[in-house]
There are 2 protein chains.
Amino acid sequence: MSITMRDVARAANVSVATVSHVINDKPGARIGDDARRRVLDAVAELGYRPNALAKTLSQGGSRFIGLVADAIATTPFAGQIIHGAQDEAWRHGYVLLVANTEGNTAAENDAIAMMLEHQVRGILYSTWYHREIEVPALLKQTETVLVNCYSEDDAYPAVVPDEEQGGRTATEELIAAGHRRIAMVNTTTPSPAQTGRLAGYASALAAAGIDYDSSLVFEAESAQEGGYAIAPAVIASGAEGVFCHNDRVAMGLYDGLRERGLRIPQDMAVMGFDNQDVIAAHLRPPLSTVALPHYEIGAAGVRTLLGLETITGSDRLLVTCPPVVRASL
Amino acid sequence: MSITMRDVARAANVSVATVSHVINDKPGARIGDDARRRVLDAVAELGYRPNALAKTLSQGGSRFIGLVADAIATTPFAGQIIHGAQDEAWRHGYVLLVANTEGNTAAENDAIAMMLEHQVRGILYSTWYHREIEVPALLKQTETVLVNCYSEDDAYPAVVPDEEQGGRTATEELIAAGHRRIAMVNTTTPSPAQTGRLAGYASALAAAGIDYDSSLVFEAESAQEGGYAIAPAVIASGAEGVFCHNDRVAMGLYDGLRERGLRIPQDMAVMGFDNQDVIAAHLRPPLSTVALPHYEIGAAGVRTLLGLETITGSDRLLVTCPPVVRASL
DNA sequence: ATGAAAGCGCTAACAT
DNA sequence: ATGTTAGCGCTTTCAT
């Protein structure tokens with residue numbers, strides 16, 4: 001079928017061993033200038049391309065890293081994780097084997113089995129939103145790193161966003177914009193985001209010498225509908241600014257606020273969370289928010305898998321969520 | 001290192017050939033019930049897992065299909081294509097090798113080279129929005145199918161959305177809702193979507209016996225900002241309904257309409273296009289739109305590559321864009 | 001400085 | 001019904 005090393009060897013009038021040596025630029029190999037040139041020429045002429053599969057077979061241990069994702073089709077979040085993981089993997093000579101499971105356990109096991117059969121160096125198990133998961137038993141059979149999720153017992157290294165720092169940052173932005181009476185619209189869904197962002201909100205308030213007022217903390221379904229529905233309550237609270245659990249909630253809140261004649265940011269400053277692509281930059285006014293560093297999380301996942309990143313302190317690597325200031329405060 | 005077929009053979013007291021036969025359930029192989037049981041037991045006991053790489057090496061031709069995408073990190077569109085492609089690939093025993101290039105030519109060539117070295121059965125070259133592309137020269141070296149894009153000379157099979165049918169469907173929905181004076185907000189960007197959707201709009205009008213009125217056709221940047229800016233003009237046109245080039249434009253238009261006191265759909269019916277995840281279902285009111293069938297496009301791409309799908313007529317396989325009716329008309 | 005040969009884990013004739 | 005053996009394309013040790 002295709003051109004093999006043998007063909008090159010024959011064309012260059014050398015042995016396959018020699019070809020192998022020059023192609024891989026083997027350190028301790030003394031190849032004559034002439035032979036080297038002949039090989040290189042033959043490679044170019046024949047359009048030779050090494051067979052990566054054969055290579056890993058003979059070397060043992062492949063250059064694959066598996067990435068199982070639970071939802072690459074619904075949000076761009078998983079895409080960003082994949083992007084970061086891939087860039088980092090390539091940087092180290094690895095190729096990503098991606099599998100999308102859409103939360104289906106059977107698909108998940110198939111995916112992991114497939115990766116194992118392809119001799120992956122390890123597996124990155126990722127979720128599209130930060131949460132606790134039960135680690136599939138199959139993952140015991142290879143090195144694995146949890147990405148954007150973690151197991152209860154922290155039995156595996158995990159890379160997750162620093163929710164608390166993110167919540168603190170969001171609140172600090174509101175404070176820096178001159179507000180003191182700041183509401184928070186939290187999610188109704190129990191999650192690290194729910195507790196972490198709230199803790200960050202509280203700690204930023206405390207640091208600024210503002211009393212925590214529980215009547216300023218609301219809960220709403222974490223989507224546009226939730227934000228819209230909570231608008232009256234937020235207005236009634238007399239808040240000057242509000243930190244929303246995520247950008248979608250902020251988007252719904254925008255509608256609710258405007259419908260009641262409030263202007264953003266003059267009458268109410270709004271801060272989001274996630275920096276979600278299709279939304280944040282395009283609301284009116286553009287939404288200030290805190291970015292979820294998915295790209296960086298994916299990249300850090302690969303580094304952790306390859307033993308390039310050391311997780312100090314807890315067993316989770318916390319990645320910083322940077323502020324993205326636009327015009328809503 | 002790991003358990004090989006030899007280990008299983010030894011444990012079951014048979015030859016590797018026998019193991020291979022029972023594991024692959026080879027048709028024309030007569031294996032004694034006893035031997036078969038012993039092999040199966042040994043496999044289970046040792047936790048044997050076949051080495052997919054070795055397998056493809058000896059069989060020739062791997063089970064990989066490459067998918068190069070230009071933007072998996074920014075919209076969920078690419079994710080849906082990947083999802084569809086992966087499901088279909090798995091169904092036929094193939095594994096997807098995904099590479100994200102974010103439009104970078106160097107990354108693209110690296111990706112294709114990598115796939116070639118991994119002996120892919122073929123490559124799916126995809127873009128996140130439907131457009132004409134220049135096919136990378138490297139792709140000549142393998143079977144390739146264009147997904148959500150096409151080359152000027154149609155030198156490669158391509159799978160794309162049926163923009164014209166989509167535009168027609170969108171307009172028909174507006175007509176079915178009782179409107180006759182229907183505006184269209186087209187994009188300013190030259191593209192198959194621009195011409196196709198407009199053609200569909202015109203043809204639906206014609207079919208309903210409504211005169212095409214060029215003063216009802218507007219152009220706007222295809223994002224929220226464009227939709228917002230065009231709102232006054234659309235209102236001034238006296239249209240009862242408007243077909244927007246995409247959901248983001250519709251989202252901006254919503255703002256512009258409401259700001260001027262118009263209610264949707266009572267004062268103006270709105271139709272979108274794309275059925276974009278984070279937006280369409282969550283606007284107020286939920287947006288009626290036409291779905292871009294990315295999942296199906298990805299799946300059809302794989303089928304085309306495997307020769308399971310025959311492209312009749314032109315060299316492009318047109319995939320239908322189905323309507324998604326919600327509350328905006 | 002270069003080549004011969006063994007072997008990576010598996011499949012597929014071909015023997016027995 | 002089961003085993004032997006020769007590759008698949010490459011790397012690597014050991015000769016020469």
Side-chain angles (χ1 to χ4, degrees), chain A residues 1-40 42-43 46-64 93 114 116-121, chain B residues 1-43 46-64 93 95 114 116-121:
Chain A
M1 342 179 30
S2 59
I3 315 242
T4 80
M5 211 152 131
R6 276 247 291 277
D7 302 323
V8 175
R10 195 157 15 220
N13 227 294
V14 295
S15 73
V16 291
T18 303
V19 175
S20 175
H21 282 143
V22 353
I23 284 188
N24 298 303
D25 232 348
K26 274 288 161 197
R30 37 211 82 266
I31 305 290
D33 281 354
D34 193 50
R36 159 168 275 113
R37 274 192 46 83
R38 266 157 31 223
V39 169
L40 262 16
V43 165
L46 300 179
Y48 168 73
R49 198 182 285 291
N51 179 329
L53 271 33
K55 182 175 206 156
T56 66
L57 216 216
S58 79
Q59 284 180 151
S62 87
R63 259 29 258 273
F64 285 121
M114 173 279 274
L116 256 17
E117 294 183 3
H118 282 84
Q119 316 299 115
V120 291
R121 160 73 185 268
Chain B
M1 345 175 31
S2 59
I3 315 242
T4 80
M5 209 151 128
R6 275 248 292 278
D7 301 324
V8 175
R10 195 159 12 222
N13 227 294
V14 295
S15 73
V16 291
T18 303
V19 176
S20 176
H21 282 143
V22 352
I23 283 188
N24 298 303
D25 232 348
K26 274 287 160 197
R30 35 212 82 267
I31 305 290
D33 281 354
D34 193 51
R36 160 167 275 113
R37 273 192 46 82
R38 264 153 37 220
V39 169
L40 261 17
D41 287 354
V43 165
L46 300 179
Y48 167 73
R49 197 181 286 289
N51 180 329
L53 271 33
K55 182 176 205 154
T56 66
L57 215 214
S58 78
Q59 284 179 153
S62 88
R63 252 48 245 290
F64 285 121
V95 167
M114 172 280 275
L116 257 16
E117 294 183 3
H118 282 84
Q119 317 297 116
V120 290
R121 159 74 185 268

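Each chain gets a letter, A, B and so on, in the order its sequence line appears, and its residues count up from 1.
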Which value, rounded to the nearest 0.5 Å, describes the distance between L46(B) atom CG and D41(B) atom CG?
10.5 Å

Rounded to the Å, how far apart are D33(A) CG and dA1(C) C1'?
11 Å

What is the separation between atom CD1 on I31(A) and atom C1' on dT12(D), rounded to the nearest whole Å?
13 Å

Taking all heavy atoms of I3(B) and all of Y48(B), pick out the closest pair and write down the distance.
O-CD1, 3.4 Å

So, does S15(A) get its side chain near the phosphate of dA4(C), meaning an N or O under 4.0 Å from OP1 or OP2?
no

To the nearest Å, give me how far apart CZ (R10(B)) and P (dG3(D)) are.
14 Å

Which label fits F64(B) and F64(A): parallel for a plane angle under 30°, tilted from 30 to 60°, or perpendicular past 60°?
tilted

Take atom CD of E117(B) and atom C1' of dC8(D), then tell me their distance rounded to the nearest Å.
17 Å

To the nearest 0.5 Å, tell me how far S15(A) OG sits from H21(A) NE2.
8.5 Å

Using the side chain to side chain contact (heavy atoms under 4.5 Å, CB included) rule, take R36(B) and V14(B) through it: C-alpha gap first, then chi angles, then the decisive distance, then the call.
CA-CA 9 Å; R36(B) 160 167 275 113; V14(B) 295; over 6 Å; no

Could you encode protein contacts along nucleotides 10-16 of chain C as a string, one character per nucleotide from 5' to 3', using B for base contact, S for sugar-phosphate-only contact and - for no contact, with a heavy-atom cut-off of under 4.0 Å?
BBB----

Look at all strands and tell whether L57(B) reaches a base, only sugar-phosphate, or nothing, counting heavy atoms closer than 4.0 Å.
base

Whole-Å gap separating P (dG9(C)) and NE2 (H118(A)):
16 Å

In this structure, how many angstroms lie between the C1' atom of dG9(C) and the CG atom of L53(A), rounded?
12 Å

Just how far is it from atom CD of Q119(B) to atom CG of N51(A), taken to the nearest 0.5 Å?
3.5 Å

Remember a base hit wins even if backbone is also touched, and classify N13(B) as base, sugar-phosphate or nothing at under 4.0 Å, heavy atoms.
sugar-phosphate

